[in-house]
Chemist: 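Once you've had a glance at the structure underneath, I'll fire off some questions.
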2 protein chains.
Amino acid sequence: MPDAFWQPPSILLAVDLVILTLRSSKLHVLLVERGIEPYKGEHALPGGFLNNVDEGILAAAQRELREEANLDASQLHLEQLGAYGDPGRDPRGRIVSVAYLAIAPGLPEPEAGADAAGASWKPVEEIDSGRLELAFDHRWILADGIERARTKLERSSLATAFCNEPFTIAELQQVYEAVWGVELDPRNFYRKVQGVPGFIIPVGAERRTTKGRPARLFRRGQQTVLHPPLSRPNPLTTSEAN
Amino acid sequence: MPDAFWQPPSILLAVDLVILTLRSSKLHVLLVERGIEPYKGEHALPGGFLNNVDEGILAAAQRELREEANLDASQLHLEQLGAYGDPGRDPRGRIVSVAYLAIAPGLPEPEAGADAAGASWKPVEEIDSGRLELAFDHRWILADGIERARTKLERSSLATAFCNEPFTIAELQQVYEAVWGVELDPRNFYRKVQGVPGFIIPVGAERRTTKGRPARLFRRGQQTVLHPPLSRPNPLTTSEAN
DNA sequence: AGAATAGTGTCTCTAAGACAGTATCAA
DNA sequence: TTGATACTGTCTTAGAGACACTATTCT
C-alpha cells in the first residue's frame, strides 16, 4: 500500500508497428534489422520511443510509419492493438510498448528507402513457422496483429485497405485467402461480395490487362461494417479435431 | 530527429478497470468517487498507478481489482482493452493508462466493502445518456469496453462470465439482452444456445425456485469459441436509416 | 382452474457452399 | 480453336426468425 511519500514509477513508452501487406498473394509484414543493441542485427517490428512528453501515442505511430516505412499514415488503415508491458520484455529496463496495426496496399517499390536501412517485407509464414525469429516479444505482437486482421475481415471493410484502387474482385479474394490462409470458391465469393451493400462500388470504367476475360474494376464503398458478414470457414471445434 | 544526446521521455503508467456486471437485468459498471484532485468528488473508473517499476501491467490490474473492488481476479474474466494516452487527458501531466475489461457475475453484496470507499455499481445507461459524467476520458474507455463485450458475446462464451453457476438459460438470455440492448425471442434463444456444442452443459440436478415451471440448470462448457455464433440482430445500415 | 414460467415443434426465408455452365479476352 | 480468366445460375442445406403449442410449477 503506497504511503504518503510514495511516488509512482516512471516508465519509458514506445510504439511498435505491425504493418501488413500482400505481396505475390502472400501476407507480408515489414521488419527492420536492428542497428543497435539489444538484439542488434536481428529482425524486429519498426517502432521507437515517444519523441517528447507532449507527443500523442497515435501521433508517434504515424511518425514512425513515415520515418521507418516511408508510408503516409493518412492513406492507411491504422488502429491500436494494445499495450505490451511485461517486466523483462526489454533488457534495457521497463519499457512499455503500444502496438499498432497498419494495413497497406501492395507498394510499387519493393521496400521503403527510408531512414532506417534494412527495412524489408517478410512473409509472415516465416515467422510463425519459427524459421525467422523476432526481437523482444515482437512475435506475439505480430500474432495478435494478424489475429486482429483475420477477425476484422469478416465484419468490416478492412480487406479493401490491402488493395490499391481500383481493384478487381479476384484481388479482393486474394486478400481474404492470404489473411485467412484458406481457399475460397471464386463464384461464391463474387456473389457474396457483391451482395453486401456499400462494400465495393463498380467504377464505370471496367477491364484491365491480363490474360483471359477482363475484370470489372471496383473502389471502396462507404460502408465500413459489412452486412451480411463474410464468414470465415468453420474452424475445427475441439470435439471435431481427431 | 533525436540526436546523440537525446533521451526518451519518462511517463507515468496507470491501469483503469471497466468492471461490468448485471444487476436486475441491467448492465452496470463499477465506479468510484474520487477522493483527491483532480476531479475530486466525481465518478471515475477504478484504477491506479503501477506500484513499482517491476509490477506487470496485468498484475497491477488484478491488484486494483482486489483493492478497489474486492474482487478475486482469478475468478473473473479479465482482458486488456488498450492504452489511452492522449496528452492532456490528465491535468497532472503525461499519464498513460492501460484499460482492462472485467466481467463479473452478479455479486451477493450490493457493493464492495473495500479500501476505496464510495465504490458503487451504476447502470451504464446513466453514463452514455449523459446523465452521469465521468472523470478524465473514462467515458470513452467505458464505451470501448461495452463495445468489446458486445462483439465478444457473439463468438465467445463471454456471456457465461456474467452468470453465477449454475445458471438457467433465461438468465443467460438476460445477459445478451442487457449487453446488446435488444429483446430476444426465448424460444429461438433456447434452440440456438443448446445447439452450440460445448457452450453450456446441463448439470444433473435441475430446477430452481421461482413461480412457474422449474428451469434446468447449466454450467459453463469448455468451449470458448462458439460455433455457430449467436448473431446480434442486424444493426441498421446507413442506407436503411432514414 | 388460472397465471406464470419453461421448453418443443414447425414453418419460412436468407445465406452458405457445391458445382455446372456461359462470356470475353489473347495467342 | 484452345486456354485462361471472369462471371452467372442453380441446387441443397444450415441457420435465423416468427410464432403456435405443450409442460410443469404455484396459488
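So you know, we letter chains A, B, ... as the sequences are listed, proteins then strands, and number each from 1. This is a predicted model, so every value here is computed, not measured.
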Chemist: Roughly, in whole Å, what's the span from OH in B:Y190 to P in D:dA18?
Modeler: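 Checked: the OH to P distance equals 18 Å.
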Chemist: When you check the gap from the basic side-chain N to the acidic O, do A:K26 and A:E125 get nearer than 4.0 Å?
Modeler: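 A:E125 and A:K26: not salt-bridged.
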Chemist: Could you tell me how far apart B:E206 (CD) and C:dT5 (P) are, to the nearest whole angstrom?
Modeler: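 My rounded result for the distance is 21 Å.
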Chemist: How close or far is atom C1' of D:dA6 from atom CG of A:D185, stated in whole angstroms?
Modeler: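 Value for this atom pair: 13 Å.
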Chemist: Please work out if A:R207 contacts a base, only the sugar-phosphate, or nothing of the nucleic acid, heavy-atom cut-off 4.0 Å.
Modeler: sugar-phosphate
Chemist: Taking the basic N atoms (NZ, or NE/NH1/NH2) and the acidic carboxylate oxygens, is any pair closer than 4.0 Å for B:R232 and B:E154?
Modeler: yes
Chemist: To the nearest Å, how far apart are B:K192 NZ and D:dA16 C1'?
Modeler: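 Atom NZ in B:K192 sits about 6 Å away from atom C1' in D:dA16.
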Chemist: For A:A215 and B:N188, take the nucleotide of DNA chain D holding the closest heavy atom to each; which residue's nucleotide lies nearer the 5' end?
Modeler: A:A215
Chemist: Starting at atom CD of A:Q194, determine the distance to atom P of D:dC7, rounded to an integer number of angstrom.
Modeler: 8 Å
Chemist: Could you check how far CZ of B:R191 sits from P of C:dG9, rounded to whole Å?
Modeler: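 In whole Å, C:dG9 P lies 11 Å from B:R191 CZ.
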Chemist: Using a cut-off of less than 4.0 Å, is there contact between a side-chain N or O of A:R213 and OP1 or OP2 of D:dA4?
Modeler: no
Chemist: At less than 4.0 Å, is any side-chain N or O atom of A:R216 found next to OP1 or OP2 of D:dA6? Yes or no.
Modeler: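 It does not, given that no N or O in the side chain of A:R216 lies less than 4.0 Å from OP1 or OP2 of D:dA6.
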Chemist: Spell out, as yes or no, whether a donor-acceptor pair under 3.5 Å connects the side chain of A:R148 to the backbone of A:L81.
Modeler: yes
Chemist: With no hydrogens and no angle check, is any side-chain donor or acceptor of A:R139 less than 3.5 Å from a backbone partner on A:E133?
Modeler: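 A pair under 3.5 Å: no.
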Chemist: Please report, rounded to the nearest Å, how far the P atom of C:dG7 is from the CD atom of B:E171.
Modeler: 11 Å
Chemist: Base of C:dA6, side chain of B:R187 - is there a donor-acceptor contact under 3.5 Å?
Modeler: no
Chemist: Run the salt-bridge test on B:D16 and B:R89 with the 4.0 Å N-O cut-off and return the result as yes or no.
Modeler: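 Yes, B:D16 and B:R89 are salt-bridged.
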Chemist: Taking the nucleotide of DNA chain D with the closest heavy atom to each, which residue, A:P186 or B:S231, is nearer the 5' end?
Modeler: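 Its nearest nucleotide lies further toward 5', so the answer is A:P186.
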Chemist: More 5' along DNA chain C: B:L217 or B:G212, using each one's nearest nucleotide?
Modeler: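 First, find each residue's nearest nucleotide; the 5'-ward one identifies B:G212.
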Chemist: Rounded to whole angstrom units, what separation is found between the CZ atom of B:F189 and the P atom of D:dG15?
Modeler: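 Between P of D:dG15 and CZ of B:F189: 17 Å.
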